[in-house]
Participant: 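Below is one structure. I have some questions about it.
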Protein chains: 2
Amino acid sequence: MDERSLLLLGLLLVQSQHGYQLNEFIERNLSRVTDMKKSTAYATLDRLCDAGFVDKHMEQEGNRPPRKVYAMTSAGKQHFYDMLRENLSHADQMNFASDIGMMFLDHLSRKEVLKLLESRLHQLQTQVDAYASAPKHRYGLGVDFAIEHHLVHLRADVTWLHSIIHRIKEDESDDGIE
Amino acid sequence: MDERSLLLLGLLLVQSQHGYQLNEFIERNLSRVTDMKKSTAYATLDRLCDAGFVDKHMEQEGNRPPRKVYAMTSAGKQHFYDMLRENLSHADQMNFASDIGMMFLDHLSRKEVLKLLESRLHQLQTQVDAYASAPKHRYGLGVDFAIEHHLVHLRADVTWLHSIIHRIKEDESDDGIE
DNA sequence: TATAACATGTAACAAGTTACATGATTTC
DNA sequence: GAAATCATGTAACTTGTTACATGTTATA
């Protein structure tokens with residue numbers, strides 16, 4: 001995914017940083033926006049370096065482990081803006097893992113389907129609570145937009161799941177198999 | 001993604017099929033639910049075979065190219081039900097590529113952001129129309145549930161984008177940079 | 001005679017994950 | 001003296017994509 005590069009370049013545009021610093025920031029503040037792992041960040045930074053989008057130089061404070069500090073190049077800035085425009089203007093096709101399961105509902109008994117979906121509903125509601133109680137204004141406006149966006153989708157999902165569960169309960173006709 | 005296996009196993013549970021047949025079905029009827037490519041399906045079928053979840057045998061009609069027909073094993077059925085239960089009961093963390101871009105809105109001028117987001121809005125609306133006009137009851141109830149699910153999220157996204165655009169228009173304070 | 005449909009893939013690549021490794025320093 | 005924090009990764013693996021290859025038969 002190219003969003004990982006966009007994210008790293010965006011953070012480096014604000015200020016030059018070393019890998020550990022970027023990873024800490026992402027883990028502490030952006031865990032709701034991305035699931036990028038640390039090794040992936042290090043590897044992506046290497047790639048951005050090879051591509052000439054960032055420069056790196058070593059720094060060391062006292063006896064602490066040496067750091068590789070990454071800084072944007074002008075090619076990197078250009079690339080960032082290109083990717084940002086692409087990202088903002090394009091609505092990419094969403095695919096939900098759970099839709100595959102929905103296709104095969106009739107392979108389980110109505111009772112079990114209800115149990116499973118209610119468990120999912122419960123998890124969704126937990127997620128809604130987590131996002132709704134997220135502290136505001138942590139890093140510019142952008143993160144708050146992203147959190148709001150998540151909430152919108154989570155709440156839509158909750159409403160939809162409620163409706164599906166309701167309809168399955170109503171439906172006395174089919175008792176499924178297995 | 002394990003949903004690709006779940007999908008293939010689910011289709012094979014209904015009836016034994018060869019790869020080409022599965023791919024045709026997916027392309028014609030499930031393009032709104034999955035974006036799995038043909039080579040991926042062939043490779044996944046191989047893996048399912050190696051894992052003992054499906055058996056394969058050759059068939060040939062006249063001089064036509066030979067087919068590999070895949071059929072579920074009992075281990076495969078068990079695996080299918082395990083994955084289905086997991087899939088239905090679990091709400092996996094959603095991540096939206098577009099949220100990364102939203103974080104860096106302030107790096108572009110208000111005017112350009114509006115132009116970009118309006119383009120995205122237009123694409124979203126096209127997608128809504130496509131899903132809303134999708135023919136019903138193509139393969140059991142499940143596909144319709146999935147399409148309805150997509151529509152729910154697409155419409156939520158449209159509403160949200162509208163609101164974001166509106167707020168950006170209102171906001172006279174910040175004119176962005178670059 | 002060309003091209004679409006039938007049926008299978010392979011090879012090369014890109015991206016991401018997990019689990020592990022290293023070694024110093026600060027804190028409990 | 002143990003554990004957490006600082007700071008970097010590598011190796012092995014999995015998954016998926018793209019572009020290409022192959023050869024037959026029916027259709028226009």
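Note that these values count all heavy atoms, side chains included, but never hydrogens, waters or copies made by symmetry. A note on names: the letters A, B, ... follow the listed sequences, proteins ahead of strands, and every chain is numbered from 1. Quick caveat: nothing in here was measured; it's all calculated off a predicted structure.
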Participant: So, R167(A) versus S163(A): side-chain donor-acceptor pair below 3.5 Å or not?
Facilitator: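 Distance-only check passes for R167(A) and S163(A).
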Participant: For the pair made of NZ in K38(B) and P in dT15(D), what is the distance, rounded to whole Å?
Facilitator: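 The distance from NZ of K38(B) to P of dT15(D) comes to 23 Å, rounded to the nearest Å.
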Participant: Please report the distance, rounded to the nearest Å, between CZ in R47(B) and P in dT10(C).
Facilitator: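 It is 13 Å, rounded to the nearest whole Å.
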Participant: Hey, is the side chain of T40(A) poking within less than 4.0 Å of OP1 or OP2 on dG16(C), counting only N and O atoms?
Facilitator: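 It does not, given that no N or O in the side chain of T40(A) lies less than 4.0 Å from OP1 or OP2 of dG16(C).
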Participant: Over how many whole Å does the gap from F25(A) atom CZ to dT5(D) atom P extend?
Facilitator: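 These atoms are roughly 19 Å apart.
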Participant: Any base atoms under 4.0 Å from D35(A), or only sugar-phosphate, or nothing? Heavy atoms, all strands.
Facilitator: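 Sugar-phosphate contact only.
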Participant: Might you confirm whether atom NE2 of H122(A) has over 12 heavy atoms from other residues, nucleotides or ligands at distances under 6.0 Å?
Facilitator: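 Open.
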Participant: From OH of Y42(B) over to P of dT22(D), roughly how many Å is that when rounded to an integer?
Facilitator: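 My rounded result for the distance is 17 Å.
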Participant: Between atom CG in D2(B) and atom P in dT14(D), what is the gap in whole Å?
Facilitator: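 After rounding, the reported distance stands at 13 Å.
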Participant: For the CG atom of L114(B) and the NZ atom of K169(B), what is their distance to the nearest 0.5 Å?
Facilitator: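 Between L114(B) CG and K169(B) NZ, I get 6.5 Å after rounding to 0.5 Å.
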Participant: Side chain of R67(A), heavy atoms from C-beta onward: which of dT17(D), dT8(D), dT8(C) has the nearest atom to it?
Facilitator: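 So the nucleotide nearest the side chain must be dT8(D).
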Participant: Please pick, from dG16(C), dG16(D), dT8(C), the nucleotide with the shortest atom-to-atom distance to any side-chain atom of T44(A).
Facilitator: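 The answer is dG16(C), which lies nearest to the side chain.
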Participant: Considering only dA7(D), dG16(C), dT10(C), which nucleotide approaches the side chain of R4(A) most closely?
Facilitator: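 From the listed options, dG16(C) comes nearest.
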Participant: Could you please name the option among dT18(C), dT8(D), dT17(D) that lies closest to any side-chain atom of K37(A)?
Facilitator: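 Comparing dT18(C), dT8(D), dT17(D) against the side chain of K37(A), the answer is dT18(C).
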Participant: Does OP1 or OP2 of dC6(C) have a side-chain N or O of Y20(B) closer than 4.0 Å?
Facilitator: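 It does, given that an N or O in the side chain of Y20(B) lies less than 4.0 Å from OP1 or OP2 of dC6(C).
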Participant: Tell me, do L105(B) and I168(B) make a side-chain contact under 4.5 Å, heavy atoms counted?
Facilitator: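 Of all side-chain heavy-atom pairs linking I168(B) with L105(B), at least one is under 4.5 Å.
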Participant: Separation of L7(B) atom CG from dG16(D) atom C1', in whole Å?
Facilitator: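 These atoms are roughly 15 Å apart.
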Participant: Check the pair D35(A), R4(A) against salt bridge (charged side-chain N to carboxylate O under 4.0 Å, His left out), reporting the backbone distance first and the verdict last.
Facilitator: CA-CA 9 Å; D35(A) 57 356; R4(A) 318 219 177 233; 3.3 Å; yes
Participant: Can you identify which nucleotide, out of dT18(D), dC6(D), dG16(C), has its nearest atom closest to the R28(A) side chain?
Facilitator: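 The nucleotide sitting nearest to the side chain is dC6(D).
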Participant: Nearest whole angstrom, please: distance from the C1' of dT17(C) to the CG of N23(A).
Facilitator: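 About 14 Å, once rounded to whole Å.
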Participant: I need the CG-P distance between L45(B) and dA7(C), as an integer number of Å.
Facilitator: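 It works out to 15 Å between those atoms.
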